[in-house]
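Read the structure below first, then the notes.
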Amino acid sequence: MSQALQHLFGIGQLSREQIEYLIDMGESFVELSRRPIKKAPTLRGKTVINLFFENSTRTRTSFEIAGKRLSADVINISASTSATSKGESLLDTGETLAAMQPHVLVIRHSLAGTCEFLADFLPHTSIVNAGDGAHEHPTQILTDLLTLKTQADGYQGKTVTIVGDIAHSRVARSHLLAAQKLGYKIRLVAPKTLLPSHVRQYGCEVFHDFDAAIPGSDVLYMLRVQSERLTDNCAFPSIREYHEAYGLNRKRLAQAGDNCVVMHPGPMNRGVEIASDVADSARSRILDQVEHGVAIRMAVLTALCGAAPEPEKLSPKKEKAAAAMQAQGKLL
Ligand code: CP
C-alpha cells in the first residue's frame with residue numbers, strides 16, 4: 001500500500017490489490033441479497049447521502065439498497081429537488097450536507113473532477129464518485145469485474161471489446177485504467193467521431209469496423225450513445241445507420257466464440273446499440289451486472305466506513321492492503 005486514501009474517486013487511484021480486495025468483498029456480499037431477510041448490522045449508526053446531479057436508476061438505487069441492507073441510514077438527494085435549483089453552488093451544497101455529519105457522500109455530476117474538488121473542502125466526509133462526466137465510474141467497473149469473475153470465468157488475460165460512444169464514456173475510460181492494472185485486454189470500437197485519439201495511450205486496440213473486432217473477443221461490452229452529451233449532431237449518423245454499423249445483433253453475436261458474453265452498463269437503448277433478442281439472450285450478463293452492483297456498493301461503503309470484515313483466504317498482498325484499510329479506518 002503506497003498511499004492512504006479516504007475516498008473513492010476512480011480506478012486510477014487504486015492498486016491491483018486494492019481492486020481485487022473490493023471485488024472479493026463484493027463477492028462475499030452477493031449471498032446477503034439472496035437471503036429471505038436481506039439485512040446485516042455492518043453499517044449500523046453510519047449515514048450515507050446519495051447526491052445525484054444527473055439521472056440514474058442502477059447506481060443510485062444500488063447505493064441506497066446497499067446501505068440499507070447493511071443497516072446504514074441512507075438519504076437520497078437529486079439536483080432537481082435540492083436547493084441547487086434555487087441557485088446554491090455545488091460547494092455550498094457539499095458543505096451544507098457535510099455539516100450534517102454523514103460518513104459517506106456518494107456523488108454523481110456531469111463535470112469531471114467534482115468529487116476531488118469537493119473533497120478538498122470536506123475533510124471529515126468520505127466521497128465516492130458515482131460517475132463524473134466522461135472521467136470515471138469506478139463502482140461500475142468493480143461491478144463488471146465481479147461479474148466477469150463469477151459469470152464468465154474471470155477477467156485475467158481476457159479480451160473485452162467495448163463498442164459505442166467511447167468519446168463520452170466514463171465506463172470505457174475506467175476500464176482502460178483497470179485493464180492495465182489487472183491484465184486484461186481492451187478493444188475499442190466506434191465511429192471516428194466517437195473515438196478520441198488519446199485512448200491509444202492506454203495500449204488498447206482500436207477498430208472502426210465492428211465485425212473485424214469480434215473474433216477473439218471474450219466480452220462484447222456495448223455502450224449507449226450519450227445523446228445528452230453530443231454537442232455536434234454531425235458526430236452521429238442516423239439511428240438506423242448506427243445500428244447497422246455498430247449495433248450488436250444475432251448475426252454479429254454468431255461471429256463470436258461460444259464462450260463470449262454480452263455486457264452493458266445500462267441504460268440500454270434496445271434497437272440502437274443492442275438488439276432486444278441479444279440483450280435477453282443466454283449470453284447476456286446484463287442483469288448479473290445489476291445484481292453485482294448492489295454487492296460491490298456494499299463493499300465500497302463498508303470499506304469507506306472502516307467496517308471491513310476480517311480478510312479470509314487472501315493473498316499476503318491483499319491481506320496487507322486490507323490491513324492498511326482497517327488501520328486507516330477508511331478505504332485504502
Ligand atoms: N450504469 C449506470 O451508471 O447506470 P445508471 O445511470 O442507471 O446509474
Side-chain angles (χ1 to χ4, degrees), residues 8-12 22-23 26 33 48-69 74-82 104-115 127-148 151-152 160 162-178 186 219-230 248 261-270 272-274 279 284-301:
L8 181 55
F9 296 143
I11 294 293
L22 290 170
I23 295 169
S33 292
V48 176
I49 298 181
N50 286 327
L51 175 59
F52 276 59
F53 291 90
E54 282 191 329
N55 294 341
S56 167
T57 297
R58 280 145 287 269
T59 312
R60 196 200 61 78
T61 310
S62 58
F63 266 113
E64 180 175 358
I65 290 176
K68 286 181 172 171
R69 286 191 181 155
V74 184
I75 292 90
N76 295 306
I77 303 174
S78 65
S80 59
T81 54
S82 76
V104 182
L105 200 49
V106 180
I107 300 174
R108 171 171 287 191
H109 201 283
S110 59
L111 292 177
T114 297
C115 296
I127 294 182
V128 185
N129 180 2
D132 60 335
H135 179 223
E136 279 238 39
H137 194 351
T139 58
Q140 178 65 52
I141 274 53
L142 295 169
T143 294
D144 297 343
L145 293 172
L146 175 56
T147 303
L148 287 173
Q151 309 293 315
V160 177
I162 303 178
V163 187
D165 183 358
I166 308 297
H168 300 99
S169 177
R170 50 198 174 212
V171 170
R173 189 165 180 283
S174 291
H175 263 301
L176 287 165
L177 294 166
I186 298 280
V219 182
L220 295 174
Y221 192 105
M222 308 309 295
L223 296 176
R224 179 179 70 91
V225 175
Q226 300 191 29
S227 45
E228 72 275 22
R229 299 191 213 277
L230 284 175
L248 181 58
V261 298
V262 176
M263 296 175 74
H264 194 308
M268 278 187 285
N269 285 156
R270 290 170 183 256
V272 183
E273 72 274 9
I274 190 165
S284 171
R285 297 292 177 271
I286 296 169
L287 292 180
D288 298 303
Q289 289 173 271
V290 176
E291 180 183 19
H292 292 144
V294 175
I296 282 295
R297 280 139 192 152
M298 284 183 189
V300 167
L301 292 177

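All values reported here derive from a predicted model rather than from experimental measurement. Atoms within each ligand, like the ligands themselves, are counted from 1 in listed order. Throughout, numbering of the chain's residues begins at 1 and tracks the sequence.
- Remark: ligand 1 atoms within the under-4.0 Å shell around heavy atoms of Gln140 are 1 (N), 2 (C).
- Between Ser56 and ligand 1, at least one pair of N/O atoms sits closer than 3.5 Å.
- Nearest protein heavy-atom neighbour of atom 6 (O) of ligand 1: Arg108 NH1, 2.9 Å.
- Considering backbone and side-chain N/O atoms, Gly266 comes within less than 3.5 Å of an N/O atom of ligand 1.
- Comparing heavy-atom distances from atom 1 (N) of ligand 1 across Gly131, Gly293, Pro265 singles out Pro265 as nearest.
- When atom types are taken as modelled, the side chain of Asp132 and the backbone of Gly113 share a donor-acceptor pair closer than 3.5 angstrom.
- A side-chain donor from one of Glu136 and Ser174 sits under 3.5 Å from a side-chain acceptor of the other.
- Taking 4.5 Å as the limit, some side-chain heavy atom of Asn50 sits within range of a side-chain heavy atom of Val74.
- Not one N or O on the side chain of Asp165 forms a donor-acceptor pair closer than 3.5 Å with the backbone of Val225.
- At a 4.0 Å heavy-atom cut-off, ligand 1 does not touch Glu54 at all.
- Among all protein heavy atoms, the one lying closest to atom 4 (O) of ligand 1 is Arg58 NE, 3.1 Å.
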Test log, rule salt bridge (charged side-chain N to carboxylate O under 4.0 Å, His left out), inputs Arg297 and Glu291: CA-CA 11 Å; Arg297 280 139 192 152; Glu291 180 183 19; over 6 Å; no
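- Note that NE2 of His175 and CD1 of Ile162 are 5.5 Å apart. Values are rounded to the nearest 0.5 Å.
- Going from atom NE2 of His264 over to atom OG of Ser284 covers 10.0 Å, rounded to the nearest 0.5 Å.
- Of all the atoms in ligand 1, the ones that sit under 4.0 Å from a non-hydrogen atom of Thr57 are 5 (P), 7 (O), 8 (O).
- In terms of protein heavy-atom proximity, atom 2 (C) of ligand 1 is nearest to Thr59 OG1, 3.5 Å.
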